[in-house]
Amino acid sequence: MIHGWNYDVFLSFRGEDTRTSFTGSLYHGLHQKGINVFIDDEKLRRGEQISPSLTTAIEESRISIIVFSENYASSTWCLDELAMILECWKTKGQLVFPVFYYVDPSWIRHQRGSFGIAMAKHEVTFKGDVQRLNKWKKALFDAANLSGWSLKIGHGYEYELILRIIEEVSSKLNNTLLHIAEHPVGLETRISEVKSLLKFEKPVEEVSFFGIHGHGGIGKTTIARALYNSIANQFEVTSFLTDIREASTQRQGLVQLQETLLYETVGENNIKLGNVYKGIPIIKKRLCCKKVLLILDDVDKLEQLQALAGGRDWFGFGSVIIITTRDKQLLASHLVDQTYEVKKLNHEEAFELFTWNAFKRKASEKEYMEISNNVVVYAEGLPLALKVMGSNLFGKTVEEWKSALAKYEKIPNKEVQNVLRVTFDNLEENEKEIFLDIACFFKGETVEYVEKTLQACGFFPKFGISVLTDRSLVSIDEYNRLRMHDLIQDMGREVVREVSPLEPGKRSRLWNHEDVIEVLTESSGTYRIQGMMVDLPDHYMVQLKDDSFKKMKNLKILIVRNGHFYGSPQHLPNNLRLLDWMEYPSSSLPQTFHPKKLVALNLSQSRFTLQEPFKHFDSLTSMDLSRCEFLTKLPDVSGVPNLTELNLDYCTNLEKIDDSLGFLENLTELRAYGCTKLKDFPQAIKLTSLKTLILNWCSSLQTFPTILAKMDNLISISIEGTGIEELPPSIENLVALEELSMTSCLSLKELPENIDMLQNLRNLDIEGCPQLRNFLTKLRELGKSTLTFFNVQSLNLENCGLIDEDLPVIFNCFPNLSSLVLSGNNFLTLPRSIQEYDSLQMLHLDDCIELREIPCIPPNSQYINARNCISLTAESSNLLLSQETFDACELQIMVPGTGIPEWFDHTSEGEYMTFWVHENFPPIILCFTLAMKSEMKKSFSCEIRFYINSEEVYELEIPRSFSEMVTDHVWLFDLRTHPSFKFHDLDSYLVEDWNQIEISCEKINGSSNVNVSWCGVHVCRQEANMEDILFEDPDVDLDSSNEFEKIGCNVEEFNANLDDEDMEAFYAILDAENNEKKVVSESSNKTMPSEETKKALKTLDDFLTKDFSILLRPNEYNTMKSTLDYLTNLPKEEGISIETRSLVIEVSRQFICWSNDYTNESKKIESTKAKLLKRDEIEEGLEANKKLFREVKCFENELLNELEYLEERKKELEELINGVRANISASQETKNMVACTKREIFEKAKILKVERDELREQVHCLRDEHELAKKSQANIRDEWLKLGEKFSYTIKNEK
């Protein structure tokens, strides 16, 4: 709800101290100024319970003023008020001002003087209510640290202080507050973090620009509003410009924002700027001399900042400009001083916020607990989603919740998506495509892997991912993996789904298993599909068709994470850039597959056998064939010239790798971990680009390849657990080699003599290679001509069977070691020459059970592990644990032992220790003894926690775990050796007075048979001021010394400051704390109580054993009341003890209080009982109603099903009718055409008939003509023959 303050000021005070003096005058002065003040004797109806009214008044007051007077803490009423005020200060952003009215703030902060006596009394009275006591103490401590006013004797007049208070209150009330949030869950922590950045970033006289960034719905504006309310009173003028992104899109939007800024800061109401460029110099001129708080909310363009807050010279000294945006790069472009990224709510905060919105209260209902957790996990800490979904689910049943969550997981909530989509819509096309690919396929993948794939797809991923990161759409974790909020991922996927909601085959990307199954089984894919991820439910089988992928000609990304198929693919698109198919179902790729653009091939855990050499893989750079159990050989790979990464891990049946692998010029990483049958590795290699070679646990591999040429890039070789017997002399060609690991190479007998040619070797690991002692023996025999490895910094010789004679050789050959592991060996004594090795910092001697003597240690040691060195002499142990050792070095040591060294300043039994510091956190050394209940077989990890003034401020997790201890150990830890621990970081948590420091060593996992039995602390005196450090509670010492000083110097003055009740409570406390008997001299002077008093005490004792309800009967109540009245008014001469008198007073007070409470609760019981009976009746009616509802619901469902069937039947019939209508129409058209044709034929028939009749009449004539014509032809032929014969005869005669 929006804060509706009913009161301007709430006054908290001790009535008997200041009601008629200071507080009364302050109230009158505030009232005259027109300030609405709540004081507890006004505006309360007679007979109304004050406590609820006071609570409401505190919550509805803008400012609380606490008048701390001498007897303030003696009133539980005042303390409850104070606790409530401080709670509203933290949660509602209310202003709180303390007034120290003739009391010292340190009395309140540390409960000394009259405040200490009052709290001591309360500790006896409320000893069963520790939570309430702690709440009071915390409230006193916090209030004493607030800025306020102090009035001391001889330092000013009361009326002057009252005037200052009235002036300050008036100025604070002139600032209008903003509504923060209906349920500001988790806001306090984030505001504290932002304030800490604002406070320390720049000196207050400079202008600061501060940016708050994060994705949509994360709470940037809410934090900005809360921050505004919290710090606005520190500035001369303020302005909060909201929704700048949306406002600037309107006509003259930026101009209107400039006008609003001028109105809110300097009161310019009628100014009309006309354009942005006119407004800039006016804003600069009007605000350059004012201390301004300006918040620019939801900025998305640089031009908006340039128009509203273009530079630091626009504003006066001490101004703060806060910008909220989704674009981190925008803040960098505007040169902001500091930025704060809003993190999502943690699970507890998210659950609370969701519960407030879903149930309208803080606690969830039991039956909703599981589904509530599911919703909170789905929302993943996004406040907007938690509010929207919580409000939508309010009042719904569990089944409705489940249905809604299932819908949200498939089709996200529109209201949430619209907010998140704003950033996406403002992206360029390149960034949009990259974002969609990450949302659909690449969340959680490494940046390198994604960049390589998207580069091959034609995008510009390096720039695109940086843009997405700046706009909080993606993030990159510490492992260089891409992360994305689940709801942002849902938004991206919804963008893809909306293109074709009903036809998955027409979308650009597919990831949902139902959509994927539909497309694959129905072969409904199209050219629009660019990427597909197959992640099917367990035990779900899909029948692949020959043409399942055939239509997806534009498919570039195919990822199969969990897919079980009938058959194998007969066709894969040649346009693929990424083929990542775990458990690929076939032994080979399709014959038609020619992926010339493919850059990454992952067929791990598949049936792939690779029987033929690679072809058509010119662009391939990464190939993962790990765990392919059917792979027996790797064929010719010369057809993959650009391959950079090859993974053959755990190909347990792989026996041979083709020699061509040894000549791939671009290969940078080669892995063959756990290939236990691998025997035939390339005999020679010339891998000029190779950086990493891993052949661990290839136990059948006996030879290391020959190095044909210098390999300038190979940095790391690991051949752990192989059967390699020797390294070739050509190893000298590995000129860049820095790491060589040969752990557990049991067959390795010797190192090549030229191994010292590896001048860049830094780390050498020969753990578990006992036969290499022969090499050390050989080096020892060479004497002064021994090989020297000057650059080796880390050497591991664990479990190598070393004896005393080997150690000098090691130190001579490796003179510059910083880390040396000699664990699990057989030597008895460390050589004295070890003290000459200045560079050695870490020395591991654990499990050297025969080690006896450590005569000295390296001068710059930082870590010595002597765990389980159970044969160490006392002199050696004392050396390791001596103060001289730790004065000379800053180090950690683990050594067998049971006690804290005597030179430690303070020890404590158990895992906690406490001491006090004044100004700075001192450099310290910690000691913990680890006690064993039995031999420990498991390891455990621990962390050291730091508490300052009862609040945890730091957790120091120890990176090393402790394992397999056989006896008790002492662990000394100089905190200066830990790289991440900075003592000055803790100084910010210290107050000006004494600070209680508590340090604990706590196990976080592992063995249960070990515990921290003792702990101790030593202060490094050369770097600390011991006057600022105490190992006993300073409050106890100071209080007691002050009291004794008062008693010794001026008893009368001391007694004058205390009334009888305080004195009695004080001595009662002393008796209770010391558990001592009364002083003999005091008890001997007592008089015995009278018979009437004894009778009254007996009556009271009897009543105290009865049930409290009996005492409320009229007779018993009157008797109890009169007995208590008699006992509480006894004269001092009556012979009862102070303790008894104090208890009687307490019983009387509580009886009166509890009688009213008990009566009220009885009335509540009757009322609630009646309501519960009514509830039962309503429940029965509700059950009947629910039963009837379900019956109606079932009937409705039946009707709906019937209606659905009829609708479907209707559609079928309509389709049939439409078909018949179409047929009728076609037939009608055919009929018309036939009729037309018939008429045409008939007309032709009539013409033919006329022609026929005419011919019939001419038949005889025609026949005669026919015969005549035939005769004429016959005559012509005869005549022709005759003419021919005549011609022939004539020619013949001429010849």
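Predicted model, so just to flag it, every value in this text is computed and none were measured.
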Exercise for review: Report the C-alpha separation of S660 and D636 in whole Å, then their side-chain angles, then the decisive distance to 0.1 Å, and conclude whether the side-chain hydrogen bond (donor to acceptor under 3.5 Å, both in side chains) test is met.
Suggested key: CA-CA 6 Å; S660 60; D636 186 357; 3.0 Å; yes
Practice item. Would you check, one step at a time, whether the test side-chain hydrogen bond (donor to acceptor under 3.5 Å, both in side chains) holds for R326 with T423? Key: CA-CA 7 Å; R326 305 183 186 202; T423 308; 3.0 Å; yes
Check your understanding: Does the ring-ring contact (aromatic ring centres under 6.0 Å, His included) test come out yes or no for F608 and F630, once each step is laid out?
Key -> CA-CA 7 Å; F608 201 56; F630 296 92; over 10 Å; no
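One finds no salt bridge joining K1211 and E1214 here, because no Lys/Arg side-chain nitrogen approaches an Asp/Glu carboxylate oxygen to under 4.0 Å. Salt-bridge check for D437 with R509: passed, with a basic side-chain N closer than 4.0 Å to an acidic carboxylate O. Checked for salt-bridge contact, K443 and D486 meet the test: a charged N lies under 4.0 Å from a carboxylate O. With salt bridges taken as basic N to acidic carboxylate O contacts below 4.0 Å, one links R561 and D580. Looking at R507 and D515, a side-chain N of the basic residue comes within less than 4.0 Å of a carboxylate O on the acidic one, giving a salt bridge. The existence of a salt bridge linking R481 and D477 is excluded, since no basic side-chain nitrogen approaches an acidic carboxylate oxygen closer than 4.0 Å. Ion pairing between a basic and an acidic side chain is recognised when a charged N comes within 4.0 Å of a carboxylate O; K679 and E655 show no such pairing. Ion pairing between R421 and E498 holds under the 4.0 Å rule for side-chain N and carboxylate O. Under the 4.0 Å criterion applied to side-chain N and carboxylate O atoms, E380 and K344 are assigned as salt-bridge partners.
At least one donor-acceptor pair closer than 3.5 Å links the side chain of N666 to the backbone N or O of P641. Distance alone, capped at 3.5 Å, is enough to place a donor-acceptor pair between the K545 side chain and the T521 backbone. When atom types are taken as modelled, the side chain of N562 and the backbone of L536 share a donor-acceptor pair closer than 3.5 angstrom. Proximity of a side-chain donor or acceptor of N760 to a complementary backbone N or O of V735 within less than 3.5 Å is detected. Using modelled atom types, no side-chain atom of T722 and backbone atom of C698 make a donor-acceptor pair closer than 3.5 Å. S626 places no side-chain N or O within 3.5 Å of a backbone atom of L648 that could act as its donor or acceptor partner. A donor-acceptor pair is defined here as one N or O able to donate and one able to accept, closer than 3.5 Å; no such pair exists between the side chain of S1225 and the backbone of R1221. In this structure, the side chain of R493 engages the main chain of A439 through a donor-acceptor pair within 3.5 Å. Listed for the S604 side chain is no donor-acceptor partner under 3.5 Å among the backbone atoms of D624. Remark: side-chain polar atoms of R577 are paired, donor with acceptor, to backbone N or O of A456 under 3.5 angstrom.
Smallest separation of non-hydrogen atoms from K452 and T621: CD-OG1, 3.3 Å. Nearest heavy-atom pair across I529 and V519 is CD1-CG1, 4.2 Å. In terms of heavy atoms, L620 sits closest to M623 at CD2-SD, 4.3 Å. The minimum heavy-atom distance linking P585 with S568 is given by the pair CG-CA, 4.3 Å. The two residues Q605 and C628 come nearest to each other via the heavy atoms N-SG, 4.1 Å. Nearest approach of N653 to K677, heavy atoms of both residues: OD1-NZ, 3.0 Å.
Inter-residue side-chain proximity for V467 and D327 is flagged as unmet; no heavy-atom pair is nearer than 4.5 Å. Residues I657 and L678 are in side-chain contact: their nearest non-hydrogen atoms beyond the backbone lie under 4.5 Å apart. For the pair I434 and L468, the minimum side-chain heavy-atom distance is below 4.5 Å. Within the 4.5 Å cutoff, no side-chain heavy atoms of T668 are placed close to those of T692. Within the 4.5 Å cutoff, the side chain of F435 has heavy atoms near those of the I488 side chain. Side-chain contact between I476 and V447: present, with at least one pair of heavy atoms (C-beta onward) separated by less than 4.5 Å. Inter-residue side-chain proximity for M532 and M552 is flagged as met; some heavy-atom pair is nearer than 4.5 Å. By the 4.5 Å heavy-atom criterion applied to side chains, I1224 and V1220 are counted as neighbours.
The aromatic rings of H485 and H215 lie perpendicular to each other, with more than 60° between the two planes, well past the 30° mark. The aromatic rings of Y449 and F442 lie perpendicular to each other, with more than 60° between the two planes, well past the 30° mark.
If you look at F617 and F614, their ring centroids are closer than 6.0 Å. Taking the centre of each ring, W697 and Y650 stay at or above the 6.0 Å mark.
Other residues, nucleotides and ligands contribute more than 12 heavy atoms inside 6.0 Å of the CD atom of Q570.
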Using residues 700-713 as the side-chain source, report each donor-acceptor pair under 3.5 Å to any protein atom, sequence neighbours left out, with the distance given to one decimal.
unit_1, atom_1, unit_2, atom_2, d
S700, OG, T676, O, 2.5
N713, ND2, T688, O, 2.8

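Residue pairs meeting the side-chain hydrogen bond (donor to acceptor under 3.5 Å, both in side chains) criterion with at least one partner in residues 522-532, sequence neighbours excluded, are S523-D547.
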